[in-house]
Amino acid sequence: NISESFHIILKISLQEEMSQNGKAMLNINQCLQQIFGEAISTAYPGIENAPLTVTLNQQAKFGDYQCNSAMPMAQMMKAKGQKVSPREIAEKIVQNIPNNELIERTEIAGPGFINVHLKRMFVSKLLSNLLVNGVQPPSLKKKKKVGHSGINYNFGMLIAHLQDKFPNYLSVSPPIGDLQAFYKASKKRFDEDEEFKKRAYQCVVKLQSKDPDFIKAWNLICDVSRNEFQKVYNCLDIRIEERGESYYQDMMTVVVKEFEEKGLVQLDEGRKIVFAPGQSIPLTIVKSDGGYTYDTSDLAAIKNRLFDEKADIIIYVTDSGQAVHFQVVFAAAQLIGWYDPKVTRVEHAGFGVVLGEDKKKFKTRSGDTVRLMDLLEEGLKRSMDKLKEKGRDKVLTPEELLKAQRAVAFGCIKYADLSHNRINDYIFSFDKMLDDRGNTAAYLLYAFTRIRSIARLANIQEATLHKAAETTEVLLDHEKEWKLGKCILRFPEILQKITDDLLLHTLCDYLYELATTFTEFYDNCYCVEKDRQTGEVVKVNMWRMLICEATAAVMAKGFDILGINPVQRM
């Protein structure tokens, strides 16, 4: 009996998934997709690639999840000349749902939506797993290496400017304190002075041919810029492996040769260009003066990441203006056979611009670009004001206060950036991001600290919670317990989504939903009962303490992914 063996295979594969990676969180949506996938192929073996859609049920009273495959299937069958109503299809799917431990019951609603109610015991068991094993996101099939890029080409103009301003730079280290001002001055000359512009280009050629004086000039400028960047990296907790332009210098020569040998290069007024299939703009891999371009170094870099770094996933994070450029680079890399997009994931994650409160490009009063370091320092100042306004300096030790200040300042700036859809522009506002009401890091950090303090204030030791996690059943009888329990377990679905589309604001929205769902639960379900007079703890509701613990654990993992550092006391 085919359907019997299907059930057995499904049961095994679900159990395998749980035992194989028994410590990892189970993606409920994926499990339901598996279950409905089997039901559909058993009910309608003739339909190839039947549409499989399982979504969260928007209205909890109708169920927890929803399978909406019946409507598109009816359309497909109609196109083949079979007239079947979506309701009839839904009924047949439901009749063929294999035995499983997830689904309590299903109902068919409207034109053919299948509403799914989950088993409380199953959800309770998953929460217990999470508490015992910690928050382990679903494992990747193999260890993935991920790259992220940024290469800089403005050195010619900076070196030419350095030679003019500090002619004795080779013997006396030039005092470039403010690299931004230095850059602005050289850019101004580059734009206005043709002679200077020519010299700048010659400097690039000299640098690329490894002239020692030019290498020295280049190193000097790199050091200044590295020190500036390092300050920012320290604040934002960023560790990078530096790969500058020079790193790819020798590879560029090899790459040009490879494109020539494969007959992919055309000559155009002294330039060497490459047309990739489906792309209207060519890449210029050698300029008429023999120098290399961004296109050359990006090709060298992608080859290096694929063959030397052996990356499985390469994500380029730059502004959206460069989307077309990367599309052409990726197409050329496929043309020459460096990678197959079905095997290696190479993607550009573009982002919009940051706007000031006036909805124009974010600038200082004098019209300069806002420096990230200045922004971070301003953030520190404002977060301290905010903490003092709340009287936190009276209750926290000086060390705790500083920790809270940094957590709030840097957390809020990161979160404000990540909580918007990266494709859109967003308005930068300190007032909004430091507001502890609404979807901000300030609100989430406070909520997290509060959840963590519940057990502490009830004098429950961590060891007690660990022991309880293994022995106490997590009851979900109250509707707010049930709502929160399901919300906690959606975490793997969220991670799956952001891995697929690289849109991190989905995770921010989820953490905000988790925190507000927790508040609803906490307001309606007592966790600790205290004596009204003495304030002594009379009764502790252990399974609810465990629900608190599970919420905090997922929030902590979410913060970790977003690069936000929570604090114990705030």
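For reference, positions follow the sequence shown, starting with 1. These numbers come from a predicted model, not from an experiment.
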*Asks:* Going by the salt bridge (charged side-chain N to carboxylate O under 4.0 Å, His left out) test, name the single residue among Lys386, Arg392, Lys390 that passes it with Asp436.
*Replies:*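 Testing each of Lys386, Arg392, Lys390 against Asp436, the sole residue satisfying salt bridge (charged side-chain N to carboxylate O under 4.0 Å, His left out) is Lys390.
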*Asks:* Atom CZ of Phe122 and atom CG of Leu476: how far apart are they, to the nearest 0.5 Å?
*Replies:*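 Rounded to the nearest 0.5 Å, the CZ-CG separation comes to 13.0 Å.
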*Asks:* Who passes salt bridge (charged side-chain N to carboxylate O under 4.0 Å, His left out) against Arg450, sequence neighbours left out?
*Replies:*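 Scan of Arg450 (salt bridge (charged side-chain N to carboxylate O under 4.0 Å, His left out), adjacent residues dropped) gives none.
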*Asks:* Indicate the atoms forming the closest heavy-atom contact of Pro137 with Leu495, along with that distance.
*Replies:*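 For Pro137 and Leu495, the tightest heavy-atom pair comes out as CB-CD1, 3.6 Å.
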*Asks:* Check for a donor-acceptor pair, side chain of Ser419 on one end and backbone N or O of Cys508 on the other, with a separation under 3.5 Å.
*Replies:*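 Flag not set: sc Ser419 to bb Cys508 has no pair under 3.5 Å.
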*Asks:* What pairs of donor and acceptor atoms, side-chain ones from residues 563-570 against any protein atom, are under 3.5 angstrom apart with sequence neighbours left out?
*Replies:*
| residue | atom | partner | partner atom | Å |
| --- | --- | --- | --- | --- |
| Asn565 | ND2 | Asp237 | OD2 | 3.4 |

*Asks:* Would Ser383 and Cys412 count as a side-chain contact (heavy atoms from CB on, under 4.5 Å) if you check the C-alpha gap in whole Å, the side-chain angles of each, and the deciding distance to 0.1 Å?
*Replies:* CA-CA 9 Å; Ser383 85; Cys412 284; over 6 Å; no
*Asks:* So which heavy atom on Ile302 is nearest to which on Phe330, and how close?
*Replies:*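 What the structure gives for the nearest pair is CD1-CD2, 3.8 Å.
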*Asks:* Listed by chain and number, what are the salt bridge (charged side-chain N to carboxylate O under 4.0 Å, His left out) partners of Arg105, not counting sequence neighbours?
*Replies:*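 If we apply the salt bridge (charged side-chain N to carboxylate O under 4.0 Å, His left out) test to Arg105, skipping adjacent residues, the hits are Glu107.
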*Asks:* Please say which of Tyr426, Phe428, Tyr415, Phe351 ends up in a ring pair (Phe, Tyr, Trp, His ring centres under 6.0 Å) with His420.
*Replies:*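 The ring pair (Phe, Tyr, Trp, His ring centres under 6.0 Å) with His420 is passed solely by Tyr426 among Tyr426, Phe428, Tyr415, Phe351.
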*Asks:* The test is side-chain contact (heavy atoms from CB on, under 4.5 Å); show your working for Val54 and Val116 and say whether it passes.
*Replies:* CA-CA 10 Å; Val54 175; Val116 177; over 6 Å; no
*Asks:* What pairs with Asn459 under side chain to side chain contact (heavy atoms under 4.5 Å, CB included), at least two apart in sequence or on another chain?
*Replies:*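 None.
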*Asks:* Tell me whether Lys92 contacts the main-chain N or O of Ala43 through its side chain, where contact means a donor paired with an acceptor under 3.5 Å.
*Replies:*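 Yes, Lys92 side chain to Ala43 backbone: donor-acceptor pair under 3.5 Å.
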*Asks:* Is any NZ, NE, NH1 or NH2 atom of the basic residue among Asp431 and Arg382 found under 4.0 Å from an Asp or Glu carboxylate oxygen of the other?
*Replies:*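 So Asp431 pairs with Arg382 through a salt bridge.
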*Asks:* Above 12 or not: heavy atoms from other molecules or residues under 6.0 Å from OH of Tyr443?
*Replies:*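 Counting neighbours around OH of Tyr443, more than 12 heavy atoms of other residues, nucleotides or ligands fall under 6.0 Å, so yes.
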*Asks:* Going through the checks in order, is the side-chain contact (heavy atoms from CB on, under 4.5 Å) test met by Leu457 and Val528?
*Replies:* CA-CA 9 Å; Leu457 296 173; Val528 180; over 6 Å; no
*Asks:* Could you grab the distance from atom CD1 of Ile35 to atom CD1 of Ile93, nearest 0.5 Å is fine?
*Replies:*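 Rounded to the nearest 0.5 Å, the CD1-CD1 separation comes to 13.5 Å.
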*Asks:* Verify, without hydrogens or angle tests, whether Asn100 (side chain) and Ile103 (backbone) share a donor-acceptor contact under 3.5 angstrom.
*Replies:*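 Yes, because the side chain of Asn100 sits within donor-acceptor range (under 3.5 Å) of the backbone of Ile103.
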*Asks:* So, using side chain to side chain contact (heavy atoms under 4.5 Å, CB included) as the criterion, who are the partners of Asp340 when residues are at least two apart?
*Replies:*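 Partners of Asp340 under the side chain to side chain contact (heavy atoms under 4.5 Å, CB included) test: Lys342, Val343.
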*Asks:* Show every donor-acceptor pair shorter than 3.5 Å between a side-chain atom in residues 61-79 and any protein atom, with sequence neighbours excluded, or say none if there are none.
*Replies:*
| residue | atom | partner | partner atom | Å |
| --- | --- | --- | --- | --- |
| Asp64 | OD1 | Lys486 | NZ | 2.6 |
| Asp64 | OD2 | Leu118 | N | 2.7 |
| Tyr65 | OH | Glu493 | OE1 | 3.4 |
| Tyr65 | OH | Glu493 | OE2 | 2.6 |
| Gln66 | NE2 | Asn115 | OD1 | 3.0 |
| Ser69 | OG | Pro51 | O | 2.8 |
| Ser69 | OG | Thr53 | N | 3.2 |

*Asks:* Let me check something: any side-chain donor-acceptor pairs from residues 465-473 under 3.5 Å, sequence neighbours excluded? List them with distances.
*Replies:*
| residue | atom | partner | partner atom | Å |
| --- | --- | --- | --- | --- |
| Thr471 | OG1 | Lys467 | O | 3.1 |
| Thr472 | OG1 | Ala468 | O | 3.2 |

*Asks:* List the residues meeting side chain to side chain contact (heavy atoms under 4.5 Å, CB included) with Asn234, not counting sequence neighbours, and say none if there are none.
*Replies:*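 Listed in chain order: Gln230.
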*Asks:* Apply side chain to side chain donor-acceptor pair (under 3.5 Å) to residues Tyr316 and Glu347 and explain how you reach the verdict.
*Replies:* CA-CA 6 Å; Tyr316 288 76; Glu347 240 181 285; over 6 Å; no
*Asks:* Checking salt bridge (charged side-chain N to carboxylate O under 4.0 Å, His left out) between Arg544 and each of Glu529, Glu549, Glu481, which is the one that passes?
*Replies:*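 That would be Glu481; it is the only one of Glu529, Glu549, Glu481 passing the salt bridge (charged side-chain N to carboxylate O under 4.0 Å, His left out) with Arg544.
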*Asks:* Has Arg87 got a side-chain atom pairing as donor or acceptor with Gly110's backbone, closer than 3.5 angstrom?
*Replies:*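 Pair found, side chain donor or acceptor close to backbone of Gly110.
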*Asks:* Ignoring hydrogens, what is the shortest heavy-atom contact between Gly350 and Ser320? Give both atom names and the distance.
*Replies:*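 In this case the closest contact between Gly350 and Ser320 is C-OG, 3.5 Å.
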*Asks:* In Å, rounded to the nearest 0.5 Å, how long is the span from CG of Leu444 to CE of Met555?
*Replies:*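 Spacing of CG (Leu444) from CE (Met555) equals 5.0 Å.
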*Asks:* Kindly write out the residues that satisfy side chain to side chain contact (heavy atoms under 4.5 Å, CB included) with Ile423, not counting sequence neighbours, or none if the list is empty.
*Replies:*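 Asn421, Leu503.
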*Asks:* Hey, could you give me the CD/OG1 distance between Gln496 and Thr499, rounded to the nearest 0.5 Å?
*Replies:*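 One gets 5.5 Å once the value is rounded to the nearest 0.5 Å.
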*Asks:* Can any side-chain N or O of Thr42 pair as donor or acceptor with the backbone N or O of Glu38 at less than 3.5 Å?
*Replies:*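 Checking the backbone N and O of Glu38 against the side chain of Thr42, a donor-acceptor pair under 3.5 Å is found.
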*Asks:* Which pair of non-hydrogen atoms, one from Val232 and one from Leu376, has the smallest distance, and what is that distance?
*Replies:*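 Minimum heavy-atom contact is CG1-CD1, 4.3 Å.
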*Asks:* Between the main-chain N or O of Val353 and the side-chain N or O of Asp319, is there a donor-acceptor pair closer than 3.5 Å?
*Replies:*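 Not a single qualifying donor-acceptor pair exists.
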*Asks:* To the nearest 0.5 Å, tell me how far Lys497 NZ sits from Leu502 CG.
*Replies:*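 Rounded to the nearest 0.5 Å, the NZ-CG separation comes to 10.0 Å.
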*Asks:* Quick check on Lys403: does its NZ atom have over 12 non-hydrogen neighbours (other residues, nucleotides or ligands) under 6.0 Å away?
*Replies:*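 Counting other residues, nucleotides and ligands, NZ of Lys403 stays at 12 neighbours or fewer.
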*Asks:* Carefully, step by step, assess Ile454 and Tyr522 under the rule side-chain contact (heavy atoms from CB on, under 4.5 Å).
*Replies:* CA-CA 10 Å; Ile454 295 167; Tyr522 194 66; 3.4 Å; yes
*Asks:* Taking salt bridge (charged side-chain N to carboxylate O under 4.0 Å, His left out) as the test, write out the residues that go with Lys388, two or more places apart.
*Replies:*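 Salt bridge (charged side-chain N to carboxylate O under 4.0 Å, His left out) check on Lys388 returns nothing, list empty.
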*Asks:* Keeping the roles fixed (side chain from Ser124, backbone from Val474), state whether a donor-acceptor pair exists under 3.5 Å.
*Replies:*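 Yes, Ser124 side chain to Val474 backbone: donor-acceptor pair under 3.5 Å.
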*Asks:* When the side chains of residues 509-521 are checked against the rest of the protein, which donor-acceptor pairs come out under 3.5 Å, sequence neighbours left out?
*Replies:*
| residue | atom | partner | partner atom | Å |
| --- | --- | --- | --- | --- |
| Asp509 | OD1 | Asn439 | ND2 | 3.4 |
| Tyr510 | OH | Cys487 | O | 2.8 |
| Tyr510 | OH | Ile488 | O | 3.2 |
| Glu513 | OE1 | Arg490 | NH2 | 3.2 |
| Glu513 | OE2 | Arg490 | NH1 | 2.9 |
| Thr516 | OG1 | Tyr512 | O | 3.0 |
| Thr516 | OG1 | Glu513 | O | 3.0 |
| Thr517 | OG1 | Glu513 | O | 2.6 |
| Thr519 | OG1 | Ala515 | O | 3.0 |
| Glu520 | OE1 | Lys480 | NZ | 2.9 |
| Glu520 | OE1 | Lys483 | NZ | 3.1 |
| Glu520 | OE2 | Lys483 | NZ | 3.2 |

*Asks:* Is there a donor-acceptor pair closer than 3.5 Å between any side-chain N or O of Gln405 and the backbone N or O of Leu380?
*Replies:*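 Yes, Gln405 side chain to Leu380 backbone: donor-acceptor pair under 3.5 Å.
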*Asks:* I need the Ile547 CD1 to Cys525 SG distance, nearest 0.5 Å.
*Replies:*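 The CD1 atom of Ile547 sits 7.5 Å away from the SG atom of Cys525.
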*Asks:* Minimum heavy-atom separation for Ile460 to Met542, with atom names?
*Replies:*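 In this case the closest contact between Ile460 and Met542 is CG2-CE, 4.2 Å.
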*Asks:* Who pairs with Asp385 by salt bridge (charged side-chain N to carboxylate O under 4.0 Å, His left out), at least two apart in sequence or on another chain?
*Replies:*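 With neighbours one apart ignored, the set is empty.
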